[in-house]
Amino acid sequence: MHISFKTCMTVFALAAALFSSCSDKYESGLPKQMTFSREELMDKIKGGWAGQTIGVSYGAPTEFVYRGCYIPDSVDISWGDPNYIKSWMEKFPGLYDDIYMDLTFVDVFDRLGIDAPVDSLASAFAHAGYNLWEANQTARYNILNGVMPPASGYWKNNPHADDIDFQIEADFAGLMSPGMPNTAAVICDSVGHIMNYGDGWYGGVYMAAMYSLAFVSDSVEFVVTEALKCIPEGSRYRSCISDVIAAYHEYPDDWKKAWQRCADNWDKTLGCPTGAYEPYNIDAALNSAYVVIGLLYGNGDFGKTIEIATRCGQDSDCNPASAGGILGTMLGYSNIPAEWIAPLKEAEDMAFAFTTISLNDTYRMGFEQALQVIGRNGGKAGDDEITVKCQEPAPVRLEQSFEGLKPLRRSSYALSLNDGVVEVPVEGNAVVVMGGVDGNAESGYVAEVEVRIDDEPVEIVKMPADFATRKYDVYWNYGLDGKPHKLKFTLMNPNEENTVVIRYVFEQVAE
């Protein structure tokens, strides 16, 4: 049974009202309500968006340069140019996918209200002008071909379901929900399942919960720990983040020891075919761990926080963006040090790529949406003061991608379907075949590939040459019996401008 976004919001509003009558604080110490001036609330919302933008700009030169290792202290990460952010926005606008993808959803809520249906959010995402990768691109292809959310993000329909994608897009949900992590989780339930499931969804839920709690606490450790209550016990994601927090308590002065524990225990891709058996790790759990390392060891210092999150490596622009946004919310825009804010001011009136929305527009839209969510959940917005009914974090449901499976192998190929029928031997319980359409991306060509298991036809795969609408992986199947089989691929409509290739085959086996 699917419960609507509006119904969930109403249930949380009633629950907030019911539990607010007992005492002034929850057992955790979280206040049951909190009052802000309008200026204070706006300052925190601005701080969140500003911190995120600064963080992604700071980490830009290092993104996926350091994989399976941290960035040594000897490597300088530049900052200080007053035109630094403006320059990135002009020369490499695609860097800001952390922001403009958030703004896809902010814009829909602005146009349709906070009860905007998930289909409208999914359609805006799927038809946006920006390029996508991994879980996002797979979800876009799914939606454009009739597989709508939540099926578009479900792991059997999306081999990248545990990836970081929603984690870097969920900031808006926390910034809409000051002091209301459970309401943020409801928003994440709708939007996050467009492109992710399991750990990939939890990455967004956790980031949004930390943003939400950063409005009402000055303690980074409190925010990190309390927000984790939104993630259910028994999930791999919660175990990973709990391990980071434990490492921090054991080694409070050495973030590299916490990093090493993550490397030893969690730097192993279980499901993503791109990262399996590679130093490249795009999993939400590991990259969330790096956000948490930055927050805990940064200890409230903005520059130190984003530097550590960056130096952890892997997706080292997105991770400082999340850490900077969460801490920026806690500090407020007016308390982010001038050396970090100064380059931002040059860019605050510039529209982000693929949007007509600037940071100054975003501040206003975010504030208006937060007021609506506050009112929906038992709070009040007066002319001078805004009262928020805070929520004790509660766990979302348990869901895990790739259940009962573990990696078997990842094999390299260089096979062209234009040369005739291609056969690939497999024997796992699940397989993902990676490849794509090379050649003229503007030809309008859509390859049609017949897939057979042994000699039985199972699917006709349609693969656009167009980069924006491409199928990210050629074929996947999570229902194999673990016995030896041959996958057979036949290109039914070859042309002279494009070549369909198979590059890798990733197999998983039952545990």
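Worth knowing before you read on, the calculation uses all heavy atoms, side chains too, and leaves out hydrogens, waters and symmetry mates. Heads up: numbering here begins at 1 and tracks the sequence.
- Ring pair His160/Tyr472 is perpendicular by interplanar angle, where above 60° counts as perpendicular and below 30° as parallel.
- Under the 3.5 Å distance criterion, the side-chain polar atoms of Asn157 are matched with a main-chain donor or acceptor of Ala151.
- Under the 3.5 Å distance criterion, with hydrogens and angles disregarded, no donor-acceptor pair is assigned to the side chains of Gln167 and Asp315.
- Taking the side-chain hydrogen bond (donor to acceptor under 3.5 Å, both in side chains) definition, one finds that Asp73 meets it with Lys256, sequence neighbours left out.
- The side-chain heavy atoms of Tyr202 and Leu228, taken from C-beta on, include no pair separated by under 4.5 Å.
- What you find for Ser28 and Phe222 is that their closest heavy atoms are O-CE1, 3.4 Å.
- When Lys32, Met34, Met180 are each tested for a side chain to side chain contact (heavy atoms under 4.5 Å, CB included) with Cys390, only one passes: Met34.
- Side-chain atoms of Glu346 do not come within 3.5 Å of backbone N or O of Lys86 as any donor-acceptor pair.
- Between the Ser177 side chain and the Ala173 main chain, a donor and an acceptor come within less than 3.5 Å of each other.
- Trp201 places none of its side-chain heavy atoms less than 4.5 Å from the side chain of Ser401.
- Proximity of a side-chain donor or acceptor of Thr329 to a complementary backbone N or O of Gly325 within less than 3.5 Å is detected.
- Listed by chain and number, the residues in a ring-ring contact (aromatic ring centres under 6.0 Å, His included) with Phe92 amount to none (sequence neighbours excluded).
- A side-chain donor-acceptor contact under 3.5 Å links Thr35 and Thr387.
- Side-chain atoms of Glu385 do not come within 3.5 Å of backbone N or O of Gly382 as any donor-acceptor pair.
- There is no side-chain donor-acceptor pair under 3.5 Å between Asp165 and Asn196.
- A salt bridge is absent between Lys44 and Glu40; no separation between the charged side-chain nitrogens and carboxylate oxygens falls under 4.0 Å.
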- Please lay out, stage by stage, how Ser288 and Tyr237 fare under the test side chain to side chain donor-acceptor pair (under 3.5 Å). CA-CA 9 Å; Ser288 289; Tyr237 185 97; 2.6 Å; yes

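- Residues Thr310 and Tyr290 fail the side-chain proximity criterion, which asks for heavy atoms closer than 4.5 Å.
- Asp361 and Ser358 share a side-chain donor-acceptor pair at under 3.5 Å.
- Between Phe64 and Tyr280, the distance separating the two ring centers is shorter than 6.0 angstrom.
- Crowding of Tyr363 atom OH: a count of heavy atoms from other residues, nucleotides or ligands under 6.0 Å exceeding 12.
- For the pair Asn158 (side chain) and Ala135 (backbone), a donor-acceptor distance under 3.5 Å is present.
- In the displayed structure, Glu233 atom CD is contacted under 6.0 Å by at most 12 heavy atoms of other residues, nucleotides or ligands.
- Looking only at side-chain heavy atoms (C-beta outward), Glu348 and Thr53 stay at 4.5 Å or farther from each other.
- Nearest heavy atom pair, residue Ala284 against residue Gly200, reads CB-CA, 4.0 Å.
- Ring geometry, Phe352 versus Tyr96: the interplanar angle falls from 30° to 60°, so the pair is classed tilted.
- Side-chain contact check for Leu121 versus Pro149: every heavy-atom pair is 4.5 Å or farther apart.
- In plain terms, the two heavy atoms of Cys262 and Ile293 that are nearest each other are SG-CD1, 4.2 Å.
- Counting only distance, with no hydrogens or angles, the side chain of Gln314 and the backbone of Asn281 share a donor-acceptor pair below 3.5 Å.
- More than 12 heavy atoms of other residues, nucleotides or ligands lie within 6.0 Å of NZ in Lys229, so this atom counts as buried by the packing criterion.
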